[in-house]
2 protein chains.
Amino acid sequence: MLDVKISAARRVEEALLESIAAGELEPGAHMDEVSIAERYGVSRTPVREALNRLAAQGVLVSGKKRGLFVAEYSREELGQMFEAMHEIEIACARIASQRLTFLARTEIEAAQSACMNAAESGDRSEYLRANEQFHLAIYRATGNPYMADIASEFRRRTGPFRAKKFLDADDLIKSAKNHEGLIADIFSEDSATATDGMRNHMTLSFLEALKAN
Amino acid sequence: MLDVKISAARRVEEALLESIAAGELEPGAHMDEVSIAERYGVSRTPVREALNRLAAQGVLVSGKKRGLFVAEYSREELGQMFEAMHEIEIACARIASQRLTFLARTEIEAAQSACMNAAESGDRSEYLRANEQFHLAIYRATGNPYMADIASEFRRRTGPFRAKKFLDADDLIKSAKNHEGLIADIFSEDSATATDGMRNHMTLSFLEALKAN
DNA sequence: TGCGGTTTTTTTGTATGCAATATAAAAAAG
DNA sequence: CTTTTTTATATTGCATACAAAAAAACCGCA
C-alpha cells in the first residue's frame, strides 16, 4: 500500500536533486542526457523530463553552451537569493502572526521541540530536518499555500549553502535557542514584532552562512 | 536577426499559455497530448515538454484523473494568489526605492509613458503589454533577479484574472493615472512611502479584479 | 605556432511505436 | 433497476530511431 508507483522521470529527478544537494554533482557540471540515462538505467526521455523540471526549479540552468548545467552562484547571486528568501520569510512571519490558529501554533511548537531534541543530542542531520519542519510550519501558518510554496522553494535552493554553517553541536544549540525568540515574536500576534523577529533571525542566519561559504 | 530559432516545444508552450490567458482554454480543461500535437503540427514529444513546463509554472495542474488540466482557482485560492503577489510587489517596491539607479528610473518612466499613450489611444491589448512592462521595470529596479522572477511568475499566473477588469478606455486611463502616484512614492526613495504606495496600488488593482471575476 | 575553413563527432530536438494502465462502456449478476 | 464485473478504448509513460544543430577535432597554410 505504501510503495507508491513512482514514474521513472520522478525517480531520476529526486536522485539528481539529492546528488546536487550532497555536492556529488558540482556547480557548473554539465548534465549529459545519455550518461544520466545510462547511470539510472532508463532512456533519455524520462531524463529529459527530469532535467526540465529541475531547470524550472532553478536547480539547473542553461549556460552559454548548449545543454543544462548545475547552477552555480557568485557571491553576489548568493546574496540576492538570500535577500529574496529573507523578504519572503519576513512576509510569512507577519501574515502568520496575524492569522495564528491553534493548529498552527501547536505545529510550530512541536517542530521547535523536535529541533531542541535534535540539537541537544547533537544529531546534525536530524536537526537539519527538524529545522526545515520548523520553518515549513511557519509557512503553513500563513494559511496561504502560494506564499508557503515560494518560501519552501527558496529554502530548498539555499539549502546547500545554509547547511554548511552547522559544524558542531554548539551551532545547533545556538540555532535552536534562536528559534525561541522568533516564536515569541510571532506568537505576540503583532505585525511589527513578528516582522522584526524574523528579520533578526534571517539576518543572523545569513551572516553565518556567509562565513561558511 | 529577429527570427530567433525557437524550438517547437517553446512555441507550443507559448501558444498554450496565450490560449489559456485569452480564455480559449477554460480552467479545468483537460490537456490532451495527441490533440494538441495535431493542432500545432508536431509530435507528442515537444508537447509533453511544453505541458511539463507549464505544470512547473503552476499554469497546469494534475487533478484526480490522469493527465494535466488548466488550473482553476476558487475564490479563496484567487485571493491567496493575489495576496502572495501583493506581498512580493510591495517588497519589490521597497527594495527598488532604496536602490534606484538612473537606468531603472528611466526605464520606469519610459514604461509609464508607453502606458499613457496606449491608454489615451484606447488600445487595450497594447495597454496590457505596456502595463506589464511597467511592473517588470519596477521588478528589475530591485537589482535582484530572484525577486524579479517570482514577481513575474505571479503576474503571469494572475494575468488572466486581472485582464478582465479593463473593459473600456476609461479603465485604462484610470489605471495609468494610478501609476503616477506609485512612481512618485517609489522615486521618493523612502521605504515606508514606497511600501504604502505599492500597497495602495495593489489593493486597488485587486479590488477591481474581484469585481470582474 | 596561430588561424580560417572544413570535416567529424557529439549532443540535443523531434518523431514514432509499443506497452502499461486508468477510464469509460458494456455485460452480467444481484 | 442497481450494482458489480468484465471488456474495450483512450491516454499516458517509456524506449528507440532519426534528423538537425552545435562543439570539437582536424588540416592545410601562412
Side-chain angles (χ1 to χ4, degrees), chain A residues 1-20 24-72, chain B residues 1-20 24-72 149 156:
Chain A
M1 188 61 189
L2 237 92
D3 64 317
V4 184
K5 270 271 175 61
I6 195 82
S7 70
R10 293 307 182 94
R11 273 212 327 277
V12 173
E13 183 187 348
E14 293 296 326
L16 287 177
L17 196 57
E18 193 118 345
S19 286
I20 293 167
E24 293 162 30
L25 284 164
E26 286 181 19
H30 173 76
M31 304 300 279
D32 183 62
E33 294 180 358
V34 292
S35 59
I36 294 171
E38 281 169 8
R39 175 136 44 96
Y40 294 102
V42 295
S43 83
R44 278 178 53 224
T45 309
V47 171
R48 281 175 64 81
E49 189 175 324
L51 293 183
N52 268 318
R53 298 180 64 89
L54 291 171
Q57 292 174 37
V59 177
L60 301 179
V61 294
S62 54
K64 316 187 194 312
K65 302 199 187 295
R66 77 167 164 190
L68 293 166
F69 303 82
V70 178
E72 53 187 341
Chain B
M1 189 59 192
L2 239 95
D3 63 317
V4 184
K5 271 273 173 58
I6 195 83
S7 70
R10 293 307 182 94
R11 273 212 326 279
V12 173
E13 182 187 347
E14 292 297 324
L16 288 176
L17 197 57
E18 194 118 344
S19 286
I20 292 168
E24 294 161 30
L25 282 164
E26 285 180 19
H30 173 80
M31 304 300 279
D32 182 64
E33 294 179 359
V34 293
S35 60
I36 294 171
E38 281 168 8
R39 175 136 44 97
Y40 294 103
V42 295
S43 82
R44 280 176 49 223
T45 308
V47 171
R48 282 174 63 83
E49 190 173 325
L51 294 183
N52 268 318
R53 299 179 65 88
L54 291 171
Q57 290 175 37
V59 177
L60 301 179
V61 294
S62 54
K64 317 189 191 307
K65 300 193 191 298
R66 76 166 160 192
L68 293 166
F69 302 82
V70 178
E72 52 187 345
D149 276 359
R156 265 208 316 280

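The chains referred to below are lettered A, B, ... by the order of the sequence lines, with proteins before strands, and numbering in each begins at 1. No hydrogens, no waters, no symmetry mates; every other heavy atom, side chains included, goes into these values.
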Can you measure Leu68(B) atom CG to dA10(D) atom P for me and round it to whole angstrom units?
20 Å
At 4.0 Å (heavy atoms only), tell me whether Glu49(B) reaches a base, stays on the sugar-phosphate, or touches nothing.
nothing
Which whole-number value in Å describes the distance from Asp32(A) CG to dT9(C) P?
18 Å
Between CD1 of Ile36(A) and P of dT11(C) the distance, given in whole Å, is 12 Å
Ranking Val42(B) and Lys64(B) by the position along DNA chain C of their nearest nucleotide, the one closer to 5' is Val42(B)
When every non-hydrogen atom of Pro27(B) is compared with those of Glu72(B), the smallest separation belongs to CB-CB, 3.4 Å
For Lys65(A) and Ser7(A), find the nucleotide of DNA chain D closest to each by heavy atoms; which residue's nucleotide sits nearer the 5' end?
Ser7(A)
For Tyr40(A) and Ser19(A), which heavy atoms make the closest approach, and how far apart are they?
OH-OG, 4.1 Å
Side chains of Leu16(A) and Val47(A) in contact at under 4.5 Å (non-hydrogen atoms):
no
Count the heavy atoms of every other residue, nucleotide or ligand shown that sit under 6.0 Å from CZ of Arg10(A), and state whether that count exceeds 12.
no
Using atom CD of Glu38(B) as one end and atom C1' of dT11(D) as the other, report the distance to the nearest whole Å.
13 Å
Rounded to whole Å, CZ of Phe69(A) lies from P of dA22(D) at a distance of 14 Å
Would you say Arg44(B) reaches dT14(C)'s phosphate, i.e. side-chain N/O to OP1/OP2 under 4.0 Å?
no
Arg48(B) CZ to dG13(C) C1': how many Å, rounded?
15 Å
For dT12(D), does the base pair up with any side-chain atom of Arg66(B) as donor and acceptor (N or O, under 3.5 Å, distance only)?
no
Measuring to OP1 and OP2 of dA10(D), would you say a side-chain N or O of His30(B) lies under 4.0 angstrom away?
no
Mind checking whether Met31(A) and Leu25(A) have side chains closer than 4.5 Å, heavy atoms only?
yes
With a non-hydrogen cut-off below 4.0 angstrom, is Thr45(A) in contact with a base, only sugar-phosphate, or nothing?
base
OP1 or OP2 of dA15(D) sitting under 4.0 Å from any side-chain N/O of Ser43(A)?
yes
Met31(B) atom CE is separated from dT11(D) atom C1', nearest whole Å, by 15 Å
Let me know the distance between OH of Tyr40(A) and P of dA15(D), rounded to the nearest Å.
15 Å
